[in-house]
Amino acid sequence: MNYYKKILNYLFPIWILVSINFSQDLSIDLILLNTGQFTLNSWNNVSELWKLEIENTDTEKIDYFLKFILKKNNELIVEGHTKPLSINSNESMNESITYDNSDPLFAEHILAYYYEASDFKSNIINNLGYLPPGTYNLELIAVNSETEATISSDDVEIVFTVGDKFTIDEPADGMTFTQAGEAPFLWYTPGFRQGVIIEFRLIIAAIVQGESDTPGGAIDYGEANTVYHFDSNWESFFEGVNYPWPWVETGSEQQTSLNLYYSHLLVNSNFKEFICGYDYAWRMEGREIIDGYGDGGIWGWPEAENSVIRTFSWGGSPTGLVSPEGDDVLPIFSWDNIWCAEDGFDIQISPIEDEDFAESWEADFISSPFQYPSDAPGLIPGKRYQWRIRIHSFTGNTQWSEIETFTIQDIELIEPPIGQIIESVRPSFNINGPENISHYELLIG
C-alpha cells in the first residue's frame with residue numbers, strides 16, 4: 001500500500017487554485033492541468049498533472065518548510081510537514097523552484113511528518129480512485145525553519161465532486177415507445193470540478209436479426225447496419241436546446257443531467273427518423289478537451305469513456321391478437337394497431353404442424369381487422385392453424401408477434417338423426433356448415 005500513500009501525499013498541494021504570497025516573501029503559484037482525471041492512477045502515470053512554482057521575492061534567502069492540513073466537515077483527515085526547504089533571493093540568484101506530480105517532495109518517506117485518518121485511503125479506493133464528494137478545507141502554511149513561526153498561511157475551501165457519474169438514464173433499458181413525443185434521451189455528465197470541458201458522442205443502432213443480434217454487436221456494426229445507424233462523431237447534437245458545446249462542468253455536488261428529446265435530435269441533419277418495429281441499442285461516449293494538450297486530454301483518451309449500452313423499442317411488436325371463432329372459412333383476424341406502423345402489417349397463416357411457418361400463406365401491407373381473402377388457399381374446417389403478425393418494413397426484419405391458433409368449425413349434420421326411418425318420398429336434410437360456402441354435395445349410399 002506504500003504506492004497509494006505516496007500518490008495520496010501528492011494530492012494536497014494541487015488544491016490551491018490561486019497564487020499565495022507569504023508576507024510578500026514567498027510566492028507560490030499552482031499551474032493545474034484542466035482535467036477531471038484526478039485519480040490514483042493519473043497521479044502516477046500523467047506527467048505535469050500539476051506544477052508548483054515557488055519564488056523568493058525577498059532580498060534574503062528564506063529557510064522554511066511547508067505544512068498542509070486537510071479537513072472534511074471540520075474533521076482532520078490528512079496532515080503533513082515537509083523537511084526543511086530553502087530558496088535563495090530572486091534578486092541575487094534569480095531563483096525559482098518548480099515541482100510537479102512526479103517529484104517526491106510530498107512523498108511519505110521524505111516528509112518529516114505525515115498523518116491520515118484510518119479510512120481516508122480506503123474511501124478513495126472504494127470510489128474508483130476519486131476523493132469522495134463533499135466540502136473540504138485545505139490549509140497550506142509556510143513555517144520558518146528556525147523559529148517555527150508561521151510566515152503566512154492560506155485556507156482554501158474545496159468543493160470536490162466525483163468524476164464517476166458518467167451514466168445514461170433514459171430511455172430505461174427495454175423501454176417501448178408508444179409515441180414519438182415521449183422519447184427523451186437523458187444522461188449524466190462525469191461530475192468533474194468546475195471548468196473541465198467535456199464533449200459527447202451519441203451512437204444509436206438498430207438490432208437486426210442475422211446481422212447484429214446483440215446490442216453491443218449493433219453498436220460495433222457501424223454504418224454497415226442495413227436498417228438504422230446514427231453516430232454523432234463528436235459533433236454537436238445539442239441543436240434546439242440551450243446546452244453549451246462542448247459541455248463545461250459546473251462543479252456542482254449534484255449530478256448534472258443533460259436531456260434531449262427526439263424532436264431535438266431530428267433537427268440535426270444527420271439524424272434520421274427511427275424505423276417502426278425495431279429494437280435499438282444506444283450508448284453515450286465521453287472525453288475531455290484540454291486546449292494544447294497532446295491528443296486532446298486525459299479522461300477519455302486514447303479510448304473514449306463509454307456508458308453502458310441500453311436498448312429500447314420503437315413501436316414494439318404487435319400485441320392483442322384475437323383469433324377468429326366460428327365456422328366462417330373467410331375468417332376475420334384483429335390485433336392492436338401500433339402508432340408508427342404507417343406501412344401496415346404482415347401476416348402469416350400456416351398449419352399448426354408447420355412450426356417454422358416454412359409453408360405459410362402470407363399477406364403484407366394489411367391493417368386490423370383483416371379478413372382472409374376468397375382467392376387465397378382454402379382453410380379446411382376442423383384443421384388447426386397458427387398465425388402471427390409483424391410491422392411491415394422494407395427490410396422485412398421486424399419482430400414477429402407471439403403465435404396464436406384457430407380452427408374453423410367443422411360441418412355439423414343435424415337432420416335427419418342417425419338411424420331415423422325416412423318415410424317421405426322427398427326427405428328434408430338440414431346442414432349447418434361453414435359460412436361463405438355456397439355449394440354442398442350429399443351422397444346417400
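Salt bridge status for R201 with E199: absent, with no side-chain N to carboxylate O gap under 4.0 Å. Classification of E362 and R388 as a salt-bridged pair fails, no side-chain N sitting under 4.0 Å from a carboxylate O.
In this structure, W314 has its ring center under 6.0 Å from that of Y262. Residues F166 and Y188 keep their aromatic ring centres 6.0 Å or farther apart. Taking the six-membered ring for Trp and the full ring otherwise, F271 and F237 have centroids separated by 6.0 Å or more. In this structure, F312 has its ring center under 6.0 Å from that of F185. Checked against a 6.0 Å centroid threshold, the rings of W400 and F357 do not count as neighbours. Remark: aromatic rings of W387 and F333 are close, center separation under 6.0 Å. In this structure, H392 has its ring center under 6.0 Å from that of F365. The distance between the ring centers of F238 and W247 does not fall below 6.0 angstrom.
The two residues V329 and P381 make their nearest non-hydrogen contact at CG1-CG, 4.2 Å. Here the closest heavy-atom approach between residue A218 and residue N225 is recorded as O-ND2, 4.4 Å. Nearest heavy-atom pair across P246 and I197 is CB-CG2, 3.5 Å. The shortest non-hydrogen separation linking G315 to T176 is C-CG2, 4.0 Å. In terms of heavy atoms, P318 sits closest to I389 at CG-CG2, 3.5 Å. Annotation for I408 and P331: closest pair CD1-CG, 4.0 Å, computed over non-hydrogen atoms.
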Do S350 and E359 pass the side-chain hydrogen bond (donor to acceptor under 3.5 Å, both in side chains) test, and can you show the C-alpha distance, the side-chain angles, and the key distance before you say yes or no? CA-CA 7 Å; S350 186; E359 300 177 2; over 6 Å; no

Does the side-chain contact (heavy atoms from CB on, under 4.5 Å) test come out yes or no for I203 and M284, once each step is laid out? CA-CA 6 Å; I203 302 177; M284 191 68 72; over 6 Å; no

Let me see the working for I69 and L76 under side-chain contact (heavy atoms from CB on, under 4.5 Å), right down to the final yes or no. CA-CA 7 Å; I69 300 172; L76 178 66; 3.4 Å; yes

Please evaluate residues T256 and E249 with respect to the criterion side-chain hydrogen bond (donor to acceptor under 3.5 Å, both in side chains), reporting the C-alpha separation (whole Å), side-chain torsions for both, the decisive distance (0.1 Å), and the verdict. CA-CA 8 Å; T256 301; E249 290 279 47; 4.9 Å; no

Starting from the C-alpha separation in whole Å, work towards a yes-or-no answer on ring pair (Phe, Tyr, Trp, His ring centres under 6.0 Å) for F200 and W234. CA-CA 6 Å; F200 300 100; W234 303 109; 8.4 Å; no

I would like to know whether L265 and L260 meet side-chain contact (heavy atoms from CB on, under 4.5 Å); could you show each step before the answer? CA-CA 7 Å; L265 294 172; L260 295 174; 4.1 Å; yes

I366 and D346: CA distance, side-chain angles, deciding distance, side-chain contact (heavy atoms from CB on, under 4.5 Å) verdict: CA-CA 6 Å; I366 66 172; D346 303 333; over 6 Å; no

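The structure places CD of Q348 at 4.0 Å from OG of S360, a figure rounded to the nearest 0.5 Å. To the nearest 0.5 Å, atom CG of residue N397 and atom CD1 of residue I391 are 13.0 Å apart.
A cation-pi geometry, defined here as NZ or CZ lying under 6.0 Å from the six-membered ring centre and within 45° of its normal, does not hold between R310 and W282. Geometrically, R384 does not engage F406 in a cation-pi contact, judged by NZ or CZ lying under 6.0 Å from the ring centre and within 45° of the ring axis. Taking the centre and axis of the six-membered ring of W299, the NZ or CZ atom of R287 falls outside the cone set by 45° and 6.0 Å.
Counting only heavy atoms from C-beta outward, the side chains of P190 and K165 never approach each other to under 4.5 Å. Under the 4.5 Å side-chain criterion, counting only non-hydrogen atoms from C-beta, Q371 is in contact with I332. Annotation: side chain of T398 is in contact with side chain of Y278 (closest heavy-atom distance under 4.5 Å). Counting heavy atoms from C-beta outward, V248 and V196 have side chains that stay 4.5 Å or more apart.
Counting heavy atoms of neighbouring residues, nucleotides and ligands inside a 6.0 Å radius, atom OH of Y293 exceeds 12 of them. In E353, the CD atom is crowded: over 12 heavy atoms of neighbouring residues, nucleotides or ligands sit closer than 6.0 Å.
Without hydrogens or angle criteria, Y280 side chain to P215 main chain gives no donor-acceptor distance under 3.5 Å. With hydrogens and angles ignored, the 3.5 Å screen pairs no side-chain donor or acceptor of Y372 with any backbone N or O of L379. Looking at D328, its side chain does come within 3.5 Å of a backbone N or O of L330 through a donor-acceptor pair.
E211 and T226 form a side-chain donor-acceptor contact under 3.5 Å, judged by distance and modelled atom types alone.
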